[in-house]
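Read through the structure below, which is laid out as structure tokens, and then see the notes.
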Amino acid sequence: MITVRVPLGQRSYDVLVGHGARRELAGLLPSTAKRAAIVTQQAIPLDIDVGLPTEVFTIGDGEAHKSLATIEALCRGFARFGLTRNDVVIGVGGGMVTDVAGFAAASWHRGVAVVHVSTTLVGMVDAAIGGKTGVNLAAVDGIGGKNLVGAFWQPAGVVCDLDALATLPPREVRCGRGEMAKYHFLTGDDLLAMDEAERIARCVEIKADFVSSDERESGRRALLNYGHTLAHALEIATDYSLAHGEAVAIGLIYAATLAHQLGRIDQVRVDQHYEVVGGHYELDTALPAGVDRRQLIDLMGRDKKALGGGLTFVLDGANGVEVVTDVSPDAAGDALDAMLLK
Ligand code: GLY
């Protein structure tokens, strides 16, 4: 078992990574807890025992259920169960479950402890760590969006039981690999030289470092969005037929292509991106057929992570990955063209 500490002062917590890690879950719960509300989804195997009275709350699958209505239903369930502020919510599932369970916990009685049991690779290396929680705002009159309502609410602990990875559907595996791929470029570590457990734990450690230095994303944490500017645009442009991690994989290649065109990195570094994303993780690196260049540039300009005028990207360079503002739409378009021609 590998334990990674997320250092956040009094809100510091441990992430346990390893086969069978779920058996250590009870040790992460607050000592005050007299009952546990387990938030999960139908298809997720539930093999945990925390030695407390528990009630299981099952939320729906799919983005439509990542909603304020689901938070209300959970809170009504917590009320019926008699969950107090001293008790604990346990989110068992992937990123959607931990985002929703975390936000319900942040809101219930103005904040009750939450512990996450991450059952997907995306959850383990990203979603369950760092305290971002929330739901989507359904569009009314064209206004709404993903993850618009939420809170920073750090968990009291996270379990990444690698046993869960054996049964993941291929698409989930691809999504996790897309998020993992970005970590290869955030530090100088040779992640390819590590075995699965070490590599996942190192991704958690890298994320923990970014989160602890910039919990609310006023600066450095935004670098975790490497590859995400095009990814968000692709998800919207394909009506979400491209899943997030699949879009991040293509977004990483695009970020490298753009950085190269802007003279920030050489071709060898671009090739390393192809090698990791397409070679090692066997993910698609090409833009999907039929995407509209103009629409992608517009969407990237509107990306919620955009910080100032022009387009904003996280790009690799001589000083490592950094936020680059004021990239011209022409340069952004040229990099799309270069990928389309490949
Ligand atoms: N997924 C990026 C972050 O947690 O900041």
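One-based numbering, in listed order, for ligands and for the atoms of each. Fair warning: this is a prediction, and the values are worked out from it, not measured in the lab. Starting from 1, each residue takes its place in the sequence as its number.
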message: Would His228 and Glu179 count as a side chain to side chain donor-acceptor pair (under 3.5 Å) here? Give the steps.
response: CA-CA 10 Å; His228 282 56; Glu179 284 293 348; 3.1 Å; yes
field: Heavy-atom pair of closest approach, residues Val314 and Val321
entry: CG1-CG1, 3.0 Å
message: Please determine whether a side-chain nitrogen of the Lys or Arg among Arg202 and Glu198 lies less than 4.0 Å from a carboxylate oxygen of the Asp or Glu.
response: no
Geometric cation-pi criterion Arg221 and Phe210, 6.0 Å radius, 45° cone: no
query: What do the steps show when you test Arg35 against Glu55 for salt bridge (charged side-chain N to carboxylate O under 4.0 Å, His left out), and what is the final call?
result: CA-CA 8 Å; Arg35 73 198 76 199; Glu55 188 162 323; over 6 Å; no
message: Taking Arg11 first and then Glu215, would you say they form a salt bridge - that is, a charged N and a carboxylate O separated by under 4.0 Å?
response: yes
Nitrogen or oxygen contacts under 3.5 Å, ligand 1 side and protein side:
from     : atom 1 : to     : atom 2 : distance (Å)
ligand 1 : 1 (N)  : Asp126 : OD1    : 2.9
ligand 1 : 1 (N)  : Asp126 : OD2    : 3.2
ligand 1 : 4 (O)  : Lys207 : NZ     : 2.6
ligand 1 : 4 (O)  : Arg221 : NH2    : 2.8
ligand 1 : 5 (O)  : Lys132 : NZ     : 3.0
ligand 1 : 5 (O)  : Arg221 : NE     : 2.7
ligand 1 : 5 (O)  : Arg221 : NH2    : 3.3

